[in-house]
Trainee: 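Before anything else, here's the structure in question.
Source: prediction; values computed, not measured.
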2 protein chains.
Amino acid sequence: MAKVTIQEVAREAGVALGTVSNVLNHPDRVRPETIERVRAAMDALGYAPNQSARLLAGGSSAVFGLILPHMTHGFPLQEASGAQSEARRAGYDLIMLNSAGDPEIERANLRYLAGSQVAGILIHPLCAQHVELPASRRAIPMVYQGVIGEGPGCRVAADREKQGALVAEHAARSGAHHIAVFGRSFAPAEVDRARGIIHVAHDATVQFEFIDEGAPDRSRDGFEVGSKLMRRPACERPDFIIGLTDALASGALAAVRAAGLRVPGDVAVAGCDGNPLAWIGDIPLTTVVPSGYEVGRRGVQLLIEQIELEKLAAFSGEPMDQDLSRQELIRPFLLQRASSVAGASLVGGMDFDVGAYLV
Amino acid sequence: MAKVTIQEVAREAGVALGTVSNVLNHPDRVRPETIERVRAAMDALGYAPNQSARLLAGGSSAVFGLILPHMTHGFPLQEASGAQSEARRAGYDLIMLNSAGDPEIERANLRYLAGSQVAGILIHPLCAQHVELPASRRAIPMVYQGVIGEGPGCRVAADREKQGALVAEHAARSGAHHIAVFGRSFAPAEVDRARGIIHVAHDATVQFEFIDEGAPDRSRDGFEVGSKLMRRPACERPDFIIGLTDALASGALAAVRAAGLRVPGDVAVAGCDGNPLAWIGDIPLTTVVPSGYEVGRRGVQLLIEQIELEKLAAFSGEPMDQDLSRQELIRPFLLQRASSVAGASLVGGMDFDVGAYLV
DNA sequence: ATGAAAGCGCTAACAC
DNA sequence: GTGTTAGCGCTTTCAT
């Protein structure tokens, strides 16, 4: 019972080889009762079509490939979940590869997918630099996630500037007088958010202060910045702190409380990137809802659009004059929690089932 | 520049087709300078070997497939990361499929991998029930993760009983007098942990109390149980609370503080499953270090062992009398944090870079 | 619906 | 080291 081929299924079912193939690929061309018989034979023999053979022979695959930059919590995972469910809705499978932060692995992953004849590739590149398909495979539909930029191609990213703007508007409207914003000026995501905030600050009457400590993006680092701020004399102390990442913000939140001040009574705190990691403390953090899920979904939709377009072109005689090009930004929205909204339930953040959300 | 085949690479490089193949599969058989020339040709043409063709022709793939039950935070992700890095160390690629909680998808994923001729399959099944390869593909090395059980096959799982035991021992040694344990008696993972705790309770002199509220596994649910406990008269109140999951425990922790009691001074709290989600609050939670990473690593190692064994058998004349069978439990270890250890730094939990850990 | 046959791009085995 | 060749299992097309 080693290798069951289509040939043996045909024999077992008492039909021709071609018929078995049709059952697999064009069930409409086969009489229902025959289909039944063939399926039974497949099950009896434990037949699993050899994907290599079927692709090599020109069949298509109904599998999308997704290349993740790494597998940490937050964005990439949300993207993967969104892509998964959208792909499945459309009848595609999704395989995921992880670049684990290494450009070399990223290249290898791309080569692999290119050589695997997947129906389309979703890639969240490690850096904004172009990562491209080998010249010989440019025909494979591809969508970049998490990056924007000029030039042809499809790109879907979260609107980070808008993320910052939302938080800033919230802070300004909250009645705060002195808003401190902190993060790292060398981290692209944080710079984008800061840009959004600056935009808002420009039109607002409140004081905005920008701080860059250049530290890594850990809660601990946020804690230190927060502590420093809290040690200031009361008149120079901000009454609203925006962390450009949720990890930083949650550290700052802890620092405010460690300093004996009330949140949000004395000092309000908000984060920016909707990372579930930061939603769990006993004072839930105001932040923006993760748009990664939506980015993943949209990415798959664009892949499918490209495929449809290609089909159309093939049908109407091969012109395919132009590739589909799209640049899309996914809008975030603000989640107002107890860290910045007096009166929000202290445990409000806890009824959020992160797991379910991500599925 | 549509389809670049091995043939064209050969022509471009001025060598034979077979030589190009050798560069790909047996570089040792080709003169270094020739390799150089061929590689250059590949790059120039943007050649990406057709995986289907190479597999179909009998080449092997150096790709492992990992089937995840879902993509929520915590265990599955750790497993994926562990598997990734171990696979990479051994020169394998890893592709991941997500069953998204649906047995049907799980079956489809398995079929796909079986038909894709991957070098080995790692599967974390949705339930402990057997999920098996189609009869015709039994030869593919396979390792089950997260389940244990009798019968042939390789299984690697976290030792959940031990997880409970570790936390219980910690509680007993901490000087607590009344330890409340809560979770859901219908959740296998929690039952296993509880079993470990019961074991310890049996030998201990402290009072253990087991509570099952049957609620879902969210922080909010833990908060409610915790609140109920805190409303008891002081003499009936536990001074140590163990949540059988970290989500539950973090909710309980919040409840204790909301009741105006000090943690760990008045009541200590600990969780069980090392879920990074729960490590972020401003009082970091005592829990066990995630062993998912180790499970993933070990799973890949077992896959490789199976492959080696097969090679050996093939070399020495095809007997391959017995398949490799292994049942392994991965030991957790305790992470003592401020929620149960007075004097542990209040921000100790924050210098933990979750992202880096998972990579 | 069947049977026959042509490849898909590659690997491995062969003779050179 | 090179050049040649036989499949791998499947899809598709064609005549029947």
Trainee: Please output the side-chain donor-acceptor pairs of residues 29-42 of chain B that fall under 3.5 Å, not counting sequence neighbours, one pair per line with the distance.
Mentor:
residue : atom : partner : partner atom : Å
B/R37   : NH1  : B/A13   : O            : 2.6

Trainee: Please answer whether the main-chain N or O of B/V15 pairs with a side-chain N or O of B/T19 as donor and acceptor at a distance below 3.5 Å.
Mentor: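 Checking the backbone N and O of B/V15 against the side chain of B/T19, no donor-acceptor pair under 3.5 Å is found.
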
Trainee: Output a table of donor-acceptor pairs, distance under 3.5 Å, between side-chain atoms of residues 44-57 of chain B and any protein atom two or more places apart or on a different chain; print 'none' if there are none.
Mentor:
residue : atom : partner : partner atom : Å
B/N50   : OD1  : B/S52   : N            : 2.8
B/N50   : OD1  : B/A53   : N            : 3.0
B/R54   : NH2  : B/N25   : OD1          : 2.8

Trainee: Indicate yes or no for a side-chain donor-acceptor contact from A/Q84 to the backbone of B/N98 under 3.5 Å, with no hydrogens or angles considered.
Mentor: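 Yes, the answer is positive, given that a donor and an acceptor are paired below the 3.5 Å cut-off.
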
Trainee: Only pairs under 3.5 Å count here: list side-chain donor-acceptor contacts from residues 113-124 of chain B, not counting sequence neighbours, and write none if there are none.
Mentor:
residue : atom : partner : partner atom : Å
B/S116  : OG   : B/Y112  : O            : 2.8
B/Q117  : OE1  : B/R137  : NH1          : 3.0
B/H124  : ND1  : B/E79   : OE1          : 2.8
B/H124  : ND1  : B/E79   : OE2          : 3.0

Trainee: Taking ring pair (Phe, Tyr, Trp, His ring centres under 6.0 Å) as the cut-off, I'd like each qualifying pair that reaches into residues 80-108 of chain B, sequence neighbours left out, listed once.
Mentor: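 Applying ring pair (Phe, Tyr, Trp, His ring centres under 6.0 Å) to every pair that reaches into residues 80-108 of chain B, excluding sequence neighbours, yields B/F64-B/Y92.
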
Trainee: For A/R297, enumerate each residue passing the side chain to side chain donor-acceptor pair (under 3.5 Å) test, keeping only those at least two apart in sequence or located in another chain.
Mentor: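 So A/R297 forms a side chain to side chain donor-acceptor pair (under 3.5 Å) with A/E86.
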
Trainee: Quick test: give all pairs of protein nitrogen or oxygen and nucleotides 8-12 of chain C nitrogen or oxygen below 3.5 Å, distance rounded to 0.1 Å.
Mentor:
residue : atom : partner : partner atom : Å
C/dC8   : O2   : A/L56   : O            : 2.9
C/dC8   : O2   : A/A57   : N            : 3.1
C/dG9   : N2   : B/A53   : O            : 3.2
C/dC10  : OP1  : B/Y47   : OH           : 2.5
C/dC10  : OP1  : B/N50   : N            : 3.4
C/dC10  : OP2  : B/I6    : N            : 2.4
C/dT11  : OP1  : B/N25   : OD1          : 3.3
C/dT11  : OP1  : B/N25   : ND2          : 2.9
C/dT11  : OP1  : B/R54   : NE           : 3.2
C/dT11  : OP2  : B/S21   : OG           : 3.0
C/dA12  : OP2  : B/H26   : NE2          : 3.1

Trainee: So, using salt bridge (Lys or Arg N to Asp or Glu O under 4.0 Å) as the criterion, who are the partners of B/E305 when residues are at least two apart?
Mentor: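 With sequence neighbours excluded, B/E305 shows a salt bridge (Lys or Arg N to Asp or Glu O under 4.0 Å) to B/R298, B/R326, given in chain and number order.
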
Trainee: In this structure, how many angstroms lie between the P atom of D/dG9 and the CG atom of A/L45, rounded?
Mentor: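 Computing the A/L45:CG to D/dG9:P distance gives 14 Å.
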
Trainee: Can you tell me how far the OG atom of A/S99 sits from the CG atom of A/L126, to the nearest 0.5 Å?
Mentor: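 Rounded to the nearest 0.5 Å, the OG-CG separation comes to 5.0 Å.
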
Trainee: I'd like to check the salt bridge (Lys or Arg N to Asp or Glu O under 4.0 Å) partners of A/R11; sequence neighbours left out, ordered by chain and number.
Mentor: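 Partners of A/R11 by the salt bridge (Lys or Arg N to Asp or Glu O under 4.0 Å) criterion come out as none, since no residue qualifies.
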
Trainee: Is there any protein nitrogen or oxygen under 3.5 Å from a nitrogen or oxygen in nucleotides 14-16 of chain D, and what are the pairs?
Mentor:
none

Trainee: Take the C1' atoms of the five end pairs on each side of the helix from C/dA1-D/dT16 to C/dC16-D/dG1, derive the two axes, and give their angle rounded to 10 degrees.
Mentor: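 What I find for the helix from C/dA1-D/dT16 to C/dC16-D/dG1 is an axis angle of 30°.
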
Trainee: Supply the atom-to-atom distance B/H70 NE2 to A/S81 OG, rounded to the nearest 0.5 angstrom.
Mentor: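 So the NE2 of B/H70 and the OG of A/S81 are separated by 11.0 Å.
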
Trainee: Give, ordered by number, those residues of residues 32-39 of chain B having at least one heavy-atom distance below 4.0 Å to an atom of DNA chain C; if nothing qualifies, reply none.
Mentor: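 Close to the strand, none.
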
Trainee: Only pairs at least two apart or in different chains count here, so list each salt bridge (charged side-chain N to carboxylate O under 4.0 Å, His left out) that has a residue in residues 111-134 of chain A.
Mentor: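 Non-adjacent pairs meeting salt bridge (charged side-chain N to carboxylate O under 4.0 Å, His left out): A/E132-A/R138.
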
